Amino acid sequence: DTAFTTAAASSASVTQEDVRYAVDSALEAQGFQSIAEVEDQGAFLKIVNDNIQSATGGSDYFSNVGTLTDAYVEAVKEEYVAEVQQSVDGDKILLSIDNALAEVGAHSIDAIPEDKQTDFVRVAETQIAQYLPDATTVSDRVDANTAMDTFRELQKRVSTDVDNSIPEPVEDYVVNHNLVLIICVLGAVILAACVATAIYIKKKNSKSEETV
């Protein structure tokens, strides 16, 4: 996991997994689904820092909710992208995103109107859940823009992997060279057969003349 250096600037570091665990545990304990719902940010920040220190045994901590939120958002995005990419075939992921785009009438993620972004994320998550029912979700933990960025990154990574898996086309000169070789071989075989036939006929005619 990517490490986050927190405001404490100590020698230790906090990983994405640490951040997800600490925040999700704090949210669950206080009955919230997202950091945006938290009213007492100071108390929430303390709970998260306590969770991090308990999990890591280190002294790193977040000094403000803004830094914590940024780290958590990146952790959630990476968790979802990695989980889906590792568990679902690339063509199925791209199909799911295409179906979601069709649902909101857009030809690309960047072209989705702001009032359709939530619908797109919901449909995309539902489509992917067909292949990965236990997949975590992003829509209930981050805002719509972040969720959109998550699917944008997922599409980008999967498209790159699919492109890299397609065999490189054979160069034209290689094809032409092989074709010339095949024609030459076939020509040689035909020529040899013709010569052999001519010799056979000549010998046969010679024998017929001797007999007469």
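Values in this document were obtained by computation on a predicted structure and should not be read as measured data.
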Notebook entry, point to check: Quick one: are K92 and D89 in side-chain contact, heavy atoms under 4.5 Å?
Noted result: yes

Item checked: Q117 side chain to N145 backbone, donor-acceptor under 3.5 Å -> no

Checklist line | Residues forming a side-chain contact (heavy atoms from CB on, under 4.5 Å) with E103, sequence neighbours excluded | finding: V123

Margin query: With ring-ring contact (aromatic ring centres under 6.0 Å, His included) as the rule and sequence neighbours excluded, what pairs involving residues 14-37 come up?
Written below: none

Checklist line | Closest heavy-atom pair and its distance - S159, L94 | finding: OG-CD2, 3.6 Å

Next item on the list: Sequence neighbours left out, what pairs pass salt bridge (charged side-chain N to carboxylate O under 4.0 Å, His left out) with at least one residue falling in residues 24-45?
Entry: D24-R141

Check: In Å, rounded to the nearest 0.5 Å, how long is the span from OG of S96 to CG of L101?
Finding: 11.0 Å

Next item on the list: With sequence neighbours excluded, give me every salt bridge (charged side-chain N to carboxylate O under 4.0 Å, His left out) pair touching residues 108-118.
Entry: D110-R152

Next item on the list: Evaluate side chain to side chain donor-acceptor pair (under 3.5 Å) for E125 paired with T137, printing each intermediate quantity in order.
Entry: CA-CA 7 Å; E125 285 183 328; T137 58; 4.7 Å; no

Note to self: So, taking the atom named CG in N49 and the one named CZ in F62, what distance separates them when rounded to the nearest 0.5 Å?
What the structure shows: 7.5 Å

Checklist line | F44 and I35, any side-chain heavy atoms less than 4.5 Å apart | finding: yes

Item checked: S139: which of T118, T150, V121, T146 passes side-chain contact (heavy atoms from CB on, under 4.5 Å) -> V121

Next item on the list: Walk me through it: do L27 and Q33 pass the test side-chain contact (heavy atoms from CB on, under 4.5 Å)?
Entry: CA-CA 6 Å; L27 289 173; Q33 285 191 318; over 6 Å; no

Next item on the list: Please name all residues satisfying salt bridge (charged side-chain N to carboxylate O under 4.0 Å, His left out) with D50, sequence neighbours left out, ordered by chain then number.
Entry: K46

Note to self: Measuring only between side-chain heavy atoms, which start at C-beta, is V19 closer than 4.5 Å to T15?
What the structure shows: no

Margin query: To the nearest 0.5 Å, what is the distance between OH on Y80 and CG on L154?
Written below: 7.0 Å

Next item on the list: Output, in order, the C-alpha distance, side-chain angles, deciding distance and verdict of side-chain contact (heavy atoms from CB on, under 4.5 Å) for I109 and I97.
Entry: CA-CA 9 Å; I109 294 179; I97 294 176; 4.3 Å; yes

Item checked: Non-hydrogen side-chain atoms of Q16 and E79 separated by less than 4.5 Å -> no

Item checked: Counterpart residues, side-chain contact (heavy atoms from CB on, under 4.5 Å), relative to A124 (two or more places apart) -> A100, F120, F151

Check: Are side-chain heavy atoms of K77 and V138 found at a separation under 4.5 Å?
Finding: no

Next item on the list: Mind checking the CG-CD spacing from L132 to E83? Nearest 0.5 Å is all I need.
Entry: 5.5 Å

Note to self: When you group the ILVMFWY residues by side-chain heavy-atom contacts below 4.5 Å and let the links chain together, are L68 and I47 in the same group?
What the structure shows: no

Check: Quick one: does I93's side chain get under 4.5 Å of Y131's, heavy atoms only?
Finding: no

Item checked: Note: R20-E17 ion pair, threshold 4.0 Å (strictly below) -> no

Next item on the list: To the nearest 0.5 Å, tell me how far L95 CG sits from Q130 CD.
Entry: 8.5 Å

Next item on the list: Check whether any side-chain N or O of T67 sits under 3.5 Å from a backbone N or O of S63 as a donor-acceptor pair, and report yes or no.
Entry: no

Margin query: I need the minimum non-hydrogen distance between N51 and A26, along with the two atoms involved.
Written below: ND2-N, 3.8 Å

Note to self: What's the separation between atom CG in D98 and atom CG in D91, rounded to the nearest 0.5 Å?
What the structure shows: 11.0 Å

Margin query: Closer than 3.5 angstrom, by distance alone: can the side chain of D18 be matched with the main-chain N or O of I52 as a donor-acceptor pair?
Written below: no

Next item on the list: Look at the side chain of T126 and the backbone N and O of R122, then say whether any donor-acceptor pair between them is shorter than 3.5 Å.
Entry: yes

